[in-house]
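So the structure is just underneath, and the comments pick up after that.
Proteins get letters first, then strands, A, B, ... in listed order; numbering begins at 1 in each. In what follows, every heavy atom counts, from backbone to side chain, and hydrogens, waters and symmetry copies are set aside.
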Amino acid sequence: MKKETAHTRLYLSLFLRVTPLAVAMFLVIGYIVVTRTTESALVRVRVNHTSQQRHAELILKRKLDTLKDSVKLLAANDLVINALIDVENRSHYLPIFFRSLRIPGPGRANISLVDYKGWPIISNQNATTSYAAESFWEAVSRGREYFTLTAERLLFAAPVVYHGAAEGAVIVEYPSVQYPLIFNIGVGTDAFVITGKNGNKLFSHPPKIKLSRDSFFWQKTTLEGYGAVSIETGMIKEYALGPVKSLENFLLIAICLNILALLASLSMTAHIVTRPIVNLTIAIQKITNSGELNRRVEEAGPRELSEISKVFNRLISQLQKTMISRGELQAKIQERTREIEQMHGQMVMQEKMASVGQLAAGIAHELNNPINFVRTNFATLTENFTDLEAVFKDYRRFAEGYEARYDSPAELTAVRAKESTLQIDYILDDIPALFQESERGFERIARIIQSMRDFSHVDYTGDLSYFNINNGIEDTLVIARNVYKYHSDIQTDLGDLPDIQCLPEQLNQVFLNLIVNSAQAIEAQQKRAKGVIAIRTWREGKHVCCEIADNGPGIPKEILSRIYEPFFTTKAPGKGTGLGLSISYDIIVRKHGGELSVDCPRDGGTVFTLRIPMDLQTAGGKDENRA
Amino acid sequence: MTSKHLQKLRGFFRLTAGLLVVLSVLGGQPAAAGRAVLIGLDADMSSGSAESGMAIQRGIELAIDEINAGGGVLGRPLSLVVRDHHGNPSRGIDNIIALAGRPELVAVVGGLHTPVALAELKTIHEQRIIYLGPWAAGTTVVANGYAPNFVFRVSVRDEFAGGYLVNQILKRGFERPALLLENTGWGRSNEKAIKSALALHGLAPATVQWFNWGAKQVSDQLQVIDYSRADVILLVANAPEGEVVMKDIAALQMDKRRPVISHWGITGGHFFRDTRQALEKTDLTFLQTFSFLATASVPRSATVARAYIARYDDCDTVEQIKSPVGTAHAYDLVHILALAIKAARSIDRDRVRAALEQVKHYPGLVRDYAPPFTARRHDALTGDDFHLARFNGNGIIVKIGAR
């Protein structure tokens, strides 16, 4: 797991899991809020509109009521009543009074005083109007008030009542041209329509409603006390629902901001949580992959995560402990396995050696008699030849003297020629050398047989005895000669060593192994020049040391640690058992309590160094084989 | 049933009876009697001075009853056509026109209201219809400048009333009268008369205050009157406004309540009924011309009173005869008219009008008319026919000084 991608992936997975849910949540909340708000806004708008409608209604009603009240007040005015009676003199005061009359509020009303038949008496305008022919007059003359609002005029007639009878009337009339003035009431509505009988439009504000009727909320009520008059107020939907729209926008922005905030918090979470998680995961992976149980994860991040880290670390510690004890166990098992294997190898080897030793011992024994017989015969033969030579030489001197004094006989001459042809002189000269050499050969055969007998020591396998390892080395060199003689020169520097208590045959085997290894390593180089195997022994305190160095290719570092493993071999199959060094190690370290170390110097070659305590018991070495 | 209900019921019967008379006349029966000669009544029959209209109507009816009982005029019965003008001149004029349009109608008896009468003058003379005034006192109702003058009156003439009232206040020791007048031709008529009368004594009104018809209060005027240090109030008002005046005076502190000497307009409506409590706190005397009570011993008066009580269910005693002046004046006028028709032998209005000026004598309720009218004098009464009166505790008009 790569750290960056892991982080991104975790972040993405968090994002992909959380964001749709959050967005859905926001949308649902937004939807609910918007619908709820729209609903409540609509309710509010309706309530507001109703209150506006009521307000407009009240204003209009108050306006009309005021008009009515003013007119009624005027009709009840005693000067007006008096004027109906005081026909002859009313012209002195009525015009002044009427000219000053105005109905409160904007617009200019035509205020008339008419007599009981509706005929004009006076008006606040220059022109007077007769209402006698009006259909409503009948009702007014019977003392009823009359209100009408049509497309043409707004009219209110209040009878002037004296003692229960209408003696005249005050009539106030606004022509429709005045409507914008009198009805243009600032009610704060977007549209305002007054309708009369049959719902025909009398007045609207604005005069021409530009928007379609559908663009408005409408409310219509009949004006209380003015039966035929209805008032309708319109509220532009767009304005009314403006706050909702802006709320929707706000919500949209809020949702976007929330999502941004969410992303930010996700980032932070990723930073705070996922990063430590990723780090933890990576650390765990590393530990898992490498098996390096001594590694620890960082105990950082939020408390919970650091807890996890701590717990993990504890777990790893526990595991490490377990692993260590397991390692020990394994090591022991390995050791045991190796021991068993070694033992097995040893047994095989011992068996082999025993066979070889018996064979060698048999051969040596069998050879020993003929060799001794031949050797004894040869010694006799040598003495016999000396005798023969002295005789032959006497014969020659005789011959020579005969010849010098006698003409040589032809037979002599033929012998002489034969002697010359056969290089009898050279033979005579060479035979002592041949004898000598043969003597040495016999010696050597004797020694080989002795060595074979020594080496096989079949009878002494596993028994401790005092032994000088220099002898062991020399014996081994003899035995192994055939292996190294073509490729390597042996340089020995054998120090003065005491005999040590040891298993000589086994040490010999070690030397043989190491020398054979070196020789084979040198041989494997296939160099023209011969290699060198330098063997050095010395005493070092209570140890005897032996160093066997070669200038071969050395041991690759990679396998350096494995060379003592049983059956580990770099040789071609069948060429080596892979037990040599393992057995050697076993013999030196375990059986003799010594040390076996290997070193590969930079300039090549391999140096094995053995360090064997002189006294096996004092060295504390294990001596299981001691019988 | 309350007395109010009874009155209403009686009023209803009265109207029904009147209508029956009218209908019988219009219906052309009794056949032998021929078509009725109509007398119109143009008065307030329903408004603030409705009592005056009723009184006048009753006077006419009583007279007609007598005349018809005596064979009618020119062999034809007299009949009454009533039109209500509410005290409203416009209605009055229309009434005159309407009445004038009826050929059998010989004369119109007017009502209490001077302003109506004054407004009608033009129409009266255009229509050449005899107008008999049993109440409206405005001087210029009669002294109207029309020739021939179609207006005849058996009633108070303000000109005379002014002099009479001034004399009465002076007699009672008042020197600074305040004038409180209705803002109409009647009020102005009295202003002129009283001022003239006072001037004769070298006096002038302490203040002249006006109120409108329909006024709901006159406290401002009373305040000015108080400031003017007037010692008496001369009131010219009809019943509705008179009521307001008396209530406002009664509402003043006692020392500010001036005695009130009033023209008679207040007796034309339900004045007493509505001011009973106020009257207990005030000193109100007013002009009258006739009293059935005061003339109970006079056989003619007693006869009429008996006829009255007999004919009208709402009245059981002489005291209960309301607005007696209206009844008496109307009664006298109809009799005088009958005499004139008889003299003229025609119901032609011009001829009857002329004949009215020629009636030599008629012994009426209010006085002996000898003659009632002349070509120059269309007012039948003088200041000598006036007296002051007051309401007794029961609202009965009692002549002051009468036994």
Beyond-backbone contact of V87(A) with P115(B), side-chain heavy atoms, under 4.5 angstrom
no

Verdict with supporting geometry, E167(A) and R91(B), side chain to side chain contact (heavy atoms under 4.5 Å, CB included):
CA-CA 8 Å; E167(A) 304 306 333; R91(B) 292 180 189 275; 2.7 Å; yes

Basic-acidic side-chain contact under 4.0 Å: R188(B), D86(A)
yes

Let's go through N82(A) and F211(B) carefully: what are the C-alpha distance in whole Å and the side-chain angles of both, what is the deciding distance for side chain to side chain contact (heavy atoms under 4.5 Å, CB included) to 0.1 Å, and is it a yes or a no?
CA-CA 9 Å; N82(A) 198 74; F211(B) 56 86; over 6 Å; no

Compare all side-chain heavy atoms of Y162(A) with those of P240(B) and state whether any distance is below 4.5 angstrom.
yes

Neighbour count >12 (heavy atoms, 6.0 Å) for atom CH2, W119(A)
no

Any salt bridge linking K216(B) with D78(A)? Criterion: basic side-chain nitrogen under 4.0 Å from a carboxylate oxygen.
no

Given D94(B) and K117(A), is the side chain to side chain contact (heavy atoms under 4.5 Å, CB included) satisfied, shown in steps?
CA-CA 10 Å; D94(B) 292 333; K117(A) 285 193 295 191; 2.6 Å; yes

Checking side chain to side chain contact (heavy atoms under 4.5 Å, CB included) for the pair Y93(A)/N183(B): CA distance, chi angles, key distance, verdict?
CA-CA 11 Å; Y93(A) 50 86; N183(B) 184 20; 3.7 Å; yes

Counting only heavy atoms closer than 4.5 Å, note whether A215(B) contacts chain A via side chain, backbone, both or neither.
both

If you draw a 6.0 Å radius around OH in Y146(B), do more than 12 non-hydrogen atoms from other residues or ligands fall strictly inside?
yes

Looking at W213(B) and I85(A), what are the two nearest heavy atoms and their distance?
CE3-CG1, 3.2 Å

Where does S47(B) contact chain A at under 4.5 Å (heavy atoms): side chain, backbone, both or neither?
both

Among A50(B), G48(B), G269(B), G87(B), which residue has the highest count of heavy-atom pairs closer than 4.5 Å to chain A?
G48(B)

Would you say that more than 12 heavy atoms from the other residues, nucleotides or ligands in this model lie under 6.0 Å from the CD of E126(B), or not?
yes

Do the non-hydrogen side-chain atoms of N89(A) and T184(B) ever get within less than 4.5 Å of each other?
no

Looking at every heavy atom in both E88(A) and G185(B), which two are closest together, and how far apart are they?
OE2-CA, 2.6 Å

